[in-house]
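We number each residue from 1, following the sequence as shown. Read the numbers this way: they start at 1 and go in the same order the structure lists the ligands and their atoms.
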Amino acid sequence: MSDPARRPLAGSAVTRRSLLLGGAAAVGASAFGSALTLPGAGAAPLTDPFTLGVASGDPLPDGVVLWTRLAPNPTADDGTGGAPRKAVPVQWEIAEDPNFRDVVQRGRTQAAPEFGHSVHVEVRGLRPGAEYFYRFKTGSEVSPAGRTRTAPAPGSMEALTMCFCSCANYGPGYFTAYRRMAEDHPDLMLHLGDYMYEVGPKPGDVRHVLGAETKTLADYRRKYAQYKTDADLQAAHATAPWLVVFDDHEVANNWADETPQKPEPNFPERRAAAFQAYYENMPLRRSSLPRDGRMQLFRRYQWGALANFHMLDTRQYRDDQACGDGTKVVGCTERFDPARSLTGEAQEQWLVDGLARSGARWDVLGQQVFFSKIDLLAGPAEGHNTDSWDGYVANRDRIATAMGSTARNPVVLTGDVHEHWAAEIKRTHDDPESRPVGTEFVTTSISSDGDGHPGADEAALRENPHVKFNASRRGYVRTRFGRDQLRVDYRTLEHVSRPGAEATTAKTFVVEDRNPRLHPD
Ligand code: FE
Ligand code: CA
């Protein structure tokens, strides 16, 4: 398939719509202006280095992170993406229009081999609540353009359209849901983890996964490169700024701090390689640059006075899973040990303080694993997934208490389980009379586990009265935050085993201001 995104379109106007859908983008290298042409460095210019697209993220009222990564041969075995073993100069520009007539800032930076030839530009000095377009250039090659926007000014109550997703395993399905998200033209996107899976090819895959299970930095870099060549994923990144957090598969299945699921001698080194590759491939700020095998990923972003996004890291600081890390664990008392934590003490304190100080209309927790209690065994016996918050009950109850006492409208967003769910969060789930203190929206996967089925888990809905909705199909969740209500659309696709499925809304819930209950619409 030809890729119009990287073909200069001399003289033709680029429309917002074609841009958002990952279509026409580059309008010719000359638009960068001769002042920015670097002196003949003697280096051979790279041919077609922007194969991985562009991205933006972590929006502030006056700035945003712009990202790209040079990879003229994205699937090179050594993980270098075919870029040379030296730094490559890269120019960037950001404009108020998609044709780059009103460029507001330009600059130059280096794509260095020690960062996988990624580029992270932290632009400041932009206008709040404004739309921008950006692109990169190296040699005579110009990247596709991306659209982004800044957060609104502090105090703004302007409505927000935000889509969130998780779990995009390359082998089991096409990334059509990413394109459908882009077509919704959201102001912001959240990725709640499992952006990339460490696994090699598996039986039943509909797309060929390169390489075996990822262990080394070269492995992780190469796998991200394969994912990022996907046109649907590139369209989603080029449409809006993202707030990202990882879950387990960006490193390895169900890891907990420095403990892998199964014993593995060099896990700390493997984790450090995975963190490095994650940073390189995401539009993150330098404050998230991995250091000494650790990475600062939990962070807070404000969207005017409307919403505070508390982005959580539920992997790096957690105690090992209780009672052997199962999905339907029965009779596990370790789950209730008050010393056990999913967030770690520092992150819990940061979150509780952040909720108390927020003042936002909506406090949104962007995180990975099921927050509400869910009994996954039919009948009187209870079975719990100890990788989720059900394995860390005291930690959850302390946070739910903080939600109920200090935040106006707490909303928890979740990924991980490859199905859509919706729930009302109780202050404590061990008292059936306990009042709801917040709402939880769980998104299905982009592609993990393949097509899914049209049904719902009726048994789980019966067992768990606070759980109001389930659907198995692939998709994402679209939200509309307003002054008086939150609307949540569960978007599903009939198939991902072939490209091209449309997205439809399987269910809509409305949450009213100061009333943490799910109203079907
Ligand atoms: Fe997943
Ligand atoms: Ca049960």
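Look at D375 and the Ca ion (ligand 2): an N/O/S atom of the residue is under 3.0 Å from the metal. Here L377 reaches the Ca ion (ligand 2): one of its N/O/S atoms is less than 3.0 Å from the metal. Metal site remark for the Ca ion (ligand 2): L376 contributes no N, O or S atom at a distance under 3.0 Å. The nearest N, O or S atom of P380 is not closer to the Ca ion (ligand 2) than 3.0 Å.
Classified by interplanar angle (parallel below 30°, tilted 30° to 60°, perpendicular above 60°), the ring pair Y178/H191 is tilted. Using bins of under 30°, 30° to 60° and over 60° for the plane-to-plane angle, the ring pair Y490/F509 lands in the perpendicular bin. Ring pair F298/Y317 is perpendicular by interplanar angle, where above 60° counts as perpendicular and below 30° as parallel. Between Y224 and Y195, the two ring planes are tilted [angle within 30° to 60°].
For the pair OE1 of E463 and O of A381, the angle whose vertex sits at the Ca ion (ligand 2) is 160° to 10 degrees.
The salt bridge (Lys or Arg N to Asp or Glu O under 4.0 Å) check on D319 picks up nothing, with sequence neighbours excluded. With sequence neighbours excluded, the residues forming a salt bridge (Lys or Arg N to Asp or Glu O under 4.0 Å) with R487 are D521, listed by chain and number.
Take the Fe ion (ligand 1) and draw a sphere of radius 2.8 Å; the protein N/O/S atoms inside it number 4.
Evaluation of the salt bridge (Lys or Arg N to Asp or Glu O under 4.0 Å) test over residues 492-510, restricted to residues two or more places apart or in two chains, returns R180-E502.
The environment of CD in E213 is crowded: more than 12 heavy-atom neighbours from other residues, nucleotides or ligands sit within 6.0 Å.
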